[in-house]
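Worksheet: the structure to be examined is printed underneath.
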Amino acid sequence: MRGAVLYGPRDVRFERRDDPKILKPTDAIIRMSATCVCGSDLWDYRGINKVTQPTPIGHEYCGIVEEVGRAVTKIKPGQFVIGSFFASDNTCPNCQAGYHSSCQHREFVGGAQSDWLRVPLADGTLVATREAPSAELIPSLLTLSDVMGTGWFAADAANVKPGNTVAVVGDGAVGLLGVLSARQMGAGRIIAMSRHESRQKLAREFGATDIVTQRGDEGVARIKELTKGIEADAVLECVGTQESMMQAIRSTRAGGYLGYVGVPHGVALDGQELFFAHVHLHGGPAPARHYLPHLIDLVWSGKIDPGKVFDLTLPLEEVAQGYRAMDERRAIKTLLRP
Ligand SMILES: [Zn+2]
Ligand SMILES: [Zn+2]
């Protein structure tokens with residue numbers, strides 16, 4: 001088969017790789033229908049996370065089951081399935097609590113920007129749709145593998161309730177889908193923080209009522225102004241830098257909730273400031289698997305259309321171009337078709 005391999009900073013190559021095989025009886029092999037580039041892949045691509053050896057890359061996937069190991073009982077060849085970037089057993093105490101991304105047996109699923117993929121713990125990790133989806137549904141279903149589940153978790157962790165004022169820090173695909181999630185959960189006012197016109201437009205389409213273009217403390221001041229000094233009931237942090245985290249904490253009202261899903265890079269919090277902020281903090285790697293059945297229903301019934309975040313579609317072999325476009329912020333998110 002063929003797949004994307006990251007060799008070093010800004011060096012993605014499309015190469016022949018060995019076909020994946022069933023290694024454990026709980027594995028499945030899927031034939032990719034679509035895959036994509038994630039904002040978090042850019043940390044590796046830009047060399048912020050060190051890459052020490054050529055590494056197959058990509059972790060968002062959906063496709064048709066080709067083969068299953070002998071211990072797999074629920075997932076069957078021929079089904080269309082979506083899975084999370086963390087494989088999980090769906091049975092341990094952490095999975096039962098809804099935290100599949102902290103499964104006691106979790107395994108990272110890597111190398112998904114490829115024709116085929118081995119998925120561990122198939123019965124726990126994969127969710128099959130009732131029937132094969134139409135081609136138009138595939139981009140939206142693909143987002144449930146990570147980016148939409150992550151936006152949803154940000155809103156869920158921020159305890160978004162009907163009528164709430166919500167602020168979203170970050171206008172990448174996750175932030176935009178955080179806007180969509182907050183709207184779906186009934187938020188009354190949604191303030192999207194974005195400087196880019198095309199992203200502002202999509203944020204409005206997804207339900208943003210206000211746009212704030214300022215960043216850092218100026219952004220905080222603007223939120224204060226918009227909320228008559230109270231600040232937001234719920235804030236979604238979807239970037240992972242010191243500036244974005246502080247902006248999020250300082251935009252949350254006393255007693256409010258902050259859901260943070262941007263993978264932190266160099267973030268350090270001051271105990272005193274946190275103590276006096278009176279803010280609930282909750283975040284981490286999203287339990288995308290937990291939300292899959294509900295989000296599949298929402299996509300299937302046409303209630304949400306998260307696939308709109310893909311503003312660039314390329315054949316899989318042009319994966320390097322997909323990275324470049326996202327790195328240079330020419331694209332919000334790149335869909336790849338094998
Ligand atoms: Zn991702
Ligand atoms: Zn588990």
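Atoms within a ligand are numbered from 1 in the order they appear, just like the ligands themselves. In this chain, residues are counted from 1 in sequence order.
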Does [X] come within less than 4.0 Å of [Y], counting only side-chain N to carboxylate O?
| X | Y | result |
| --- | --- | --- |
| R31 | D115 | no |
| E107 | K24 | yes |
| K21 | E67 | no |
| D311 | K333 | no |

Inset, instruction - For atom CD of E197, decide whether the heavy atoms of other residues, nucleotides or ligands shown that lie under 6.0 angstrom number more than 12. - result: no

Legend entry - Any N, O or S atom of C92 closer than 2.8 Å to the Zn ion (ligand 2): yes

Inset, instruction - Check whether any N, O or S atom of C95 sits under 2.8 Å from the Zn ion (ligand 2). - result: yes

Inset, instruction - Please confirm if an N, O or S atom belonging to D146, backbone or side chain, lies less than 2.8 Å from the Zn ion (ligand 1). - result: yes

Legend entry - the Zn ion (ligand 2): angle it makes with OD1 (D89) and SG (C103), nearest 10 degrees: 90°

Legend entry - Identity of the N, O or S atom of E60 lying closest to the Zn ion (ligand 1): OE2

Legend entry - the Zn ion (ligand 1): angle it makes with SG (C38) and NE2 (H59), nearest 10 degrees: 110°

